[in-house]
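Only this structure's heavy atoms are used, side chains among them; waters, hydrogens and symmetry mates stay out. Quantities reported herein were computed from a predicted structural model and do not represent experimental measurements. All chains are named by letter (A, B, ...) in the order of the sequence lines, taking the proteins before the strands, and each is independently numbered beginning at 1.
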There are 2 protein chains.
Amino acid sequence: MFSQSLAPNTTQPAVYLRAPGADRGEELDHGLARASLRKIAVGEHAFLEGAPRSYIFKVESGALALYRSLGDGRRQVLGFGFDGDLIGLGARKCHLVGAQALKPTTLRCLPVPQLKQMINANPGLAARLYEAISEELADAQDRFFNVSQRRAIERVAFFLQKLSHRNEARGADPRVILLPMSRADIGDYLGLTLETVSRTLSELRAKGYICLKESRVVQLRNLNALNELVDSASDDVE
Amino acid sequence: MFSQSLAPNTTQPAVYLRAPGADRGEELDHGLARASLRKIAVGEHAFLEGAPRSYIFKVESGALALYRSLGDGRRQVLGFGFDGDLIGLGARKCHLVGAQALKPTTLRCLPVPQLKQMINANPGLAARLYEAISEELADAQDRFFNVSQRRAIERVAFFLQKLSHRNEARGADPRVILLPMSRADIGDYLGLTLETVSRTLSELRAKGYICLKESRVVQLRNLNALNELVDSASDDVE
DNA sequence: CGCTGAGTTGAAAAGATTCAAATTCAGTGG
DNA sequence: CCACTGAATTTGAATCTTTTCAACTCAGCG
């Protein structure tokens, strides 16, 4: 793929690995279990863009936005870190994304040298990291085409669907979504303005697909319709 | 990052690694040098979406489009494979992207079992693959925000800039770009329609930034202006 | 009880898509 | 070698979507 080898000022990845599943990442879990805890308040950063990568983190509780700043004050949110997620991984020496807490957040911090040691001691861990990061790439691609070629309503539906599936995977209610992030964060994630996000949520409510009691609590009332918005690439669902 | 752990039908990554640089991937090069050659014609596939991952490929000459199909016949082009690029890598058993030749293309084919053997014999190789894929992820993120929050003219400038840098990195003329792909391919890559791509190229020509003698040959006449279009919103942290 | 920041909503403007037509280009067969 | 055919490209005009700018509501908090 040409893009990476061209990118001269390519942005630094922090590489976000998912939380190890049941049969993966035992070593990581083991190391992390003994790692130190750190608490950060809303608005504080786990790490800043450009900061040296000293630790990798596992989110114990709370939520973070992973973003890159643009020159003109705008920013691109690349993802969110929720409890169970690993953040801050990557091959480079510095983070090129920042991780800012959206609510009070607790992190486990594993020093990078220790991670490297673990990898050296256990080559299988490298393969796991590789798998995890290739998942991450797959996800980035998934998000890419769900954003680049779709309308606002489809993007928002995609976003809600992902959160719903995440709940499901964790045994939480897939029909009730708690949003720790603002409309602006969602917009920066989906490539929309905050007004469009708000309007689109209102539109989904008008269609009866969702229910918005509080602005940060979304009830999904018609999961099928949402899924169709995401899956059907161009059949309008009115 | 939540997205990956949610994605239920997450798309399969083929993981696209870049061509090994001067000091990287010697083992890969070594193995590939003895790998078998395969030629494919325009429109043929190196591998189809969903096909089992039997080989990884190095593009010797030619060009391919790496894409995923959408339900309704549209597709998302995730990248292009040019000579020197490695394609088809990834942790999963099947490709979830297809790789279709844009012009007559020659590939080196390295069987996956052999790659695994090489990794086992040389743990350092795994680290290199990890680095390479984290670069790939960084690139995907780069592309992501260059597409999701920008106008057509900025997207096209970004595209041309990348190709220009690629030429530069390879000792080719950074001011002359040969496009092996159609306007539709570019559009599918940038999240635009082919008409918009065409119009935007015409606009860049009208501004005097580029020169289009033939539709597949672009001369960059004002590299600074193009760079400003790209950088206007994204200020790199380095 | 007024502030402040987040969210919602409206209206005008900008930008991209869609549909349609014209033009260029490449490859084929005469 | 040239005309023909189909594909790729360009361009135009109408339409649709999203953004922008602005006003307004609401909840939390000093």
Classify the nucleic acid contact of [X] as base, sugar-phosphate or nothing, counting any heavy atom under 4.0 Å across all strands shown.
{"X": "B:L192", "answer": "sugar-phosphate"}
{"X": "B:S198", "answer": "base"}
{"X": "B:G187", "answer": "nothing"}

Spacing of B:I186 atom CD1 and B:T193 atom OG1 [to the nearest 0.5 Å]: 12.0 Å
Straight-line distance of B:Y189 OH to A:Q149 CD, nearest 0.5 Å: 12.5 Å
Gap between atoms [atom1] and [atom2], on [X] and [N] respectively (whole Å):
{"X": "B:E203", "N": "D:dT9", "atom1": "CD", "atom2": "C1'", "answer": "17 Å"}
{"X": "A:R151", "N": "D:dC16", "atom1": "CZ", "atom2": "C1'", "answer": "9 Å"}
{"X": "B:L212", "N": "C:dC25", "atom1": "CG", "atom2": "P", "answer": "12 Å"}
{"X": "A:I210", "N": "C:dG7", "atom1": "CD1", "atom2": "C1'", "answer": "14 Å"}
{"X": "B:D188", "N": "D:dA8", "atom1": "CG", "atom2": "C1'", "answer": "14 Å"}
{"X": "B:E214", "N": "D:dA8", "atom1": "CD", "atom2": "P", "answer": "17 Å"}
{"X": "A:Q149", "N": "D:dT18", "atom1": "CD", "atom2": "P", "answer": "14 Å"}
{"X": "B:L179", "N": "D:dT10", "atom1": "CG", "atom2": "P", "answer": "10 Å"}

Check the pair A:F47 / A:R53 against side chain to side chain contact (heavy atoms under 4.5 Å, CB included), numbers first and verdict last. CA-CA 8 Å; A:F47 46 86; A:R53 186 194 318 283; over 6 Å; no
Check whether A:E49 reaches the backbone of A:G98 with its side chain - one donor and one acceptor, N or O, closer than 3.5 Å. no
Would you say the rings of B:Y55 and B:H95 are close, in the sense that their centroids are separated by under 6.0 Å? no
With each end axis built from five pairs of C1' atoms, what bend angle do you get for the helix from C:dC1-D:dG30 to C:dG30-D:dC1? Round to 10°. 20°
Can you find a side-chain donor-acceptor pair between B:E154 and B:N146 that sits under 3.5 Å? no
Does one side chain, of A:S164 or A:N167, offer a donor that lies under 3.5 Å from an acceptor on the other? no
Are [X] and [N] close enough that a side-chain N or O sits under 4.0 Å from OP1 or OP2?
{"X": "A:R216", "N": "C:dG7", "value": "yes"}
{"X": "B:R205", "N": "D:dT11", "value": "yes"}
{"X": "A:S202", "N": "C:dT9", "value": "yes"}

Between B:D85 and B:F80, is a side chain to side chain contact (heavy atoms under 4.5 Å, CB included) present by the stated rule, with each step listed? CA-CA 9 Å; B:D85 291 340; B:F80 300 98; over 6 Å; no
Nearest heavy-atom contact between B:G208 and B:N222 is O-CB, 4.3 Å
Which atom pairs link the protein and nucleotides 18-23 of chain C when you take only N or O atoms and keep those under 3.5 Å?
residue, atom, partner, partner atom, Å
C:dT18, O4, B:R199, NH2, 2.7
C:dC19, N4, B:E195, OE2, 3.3

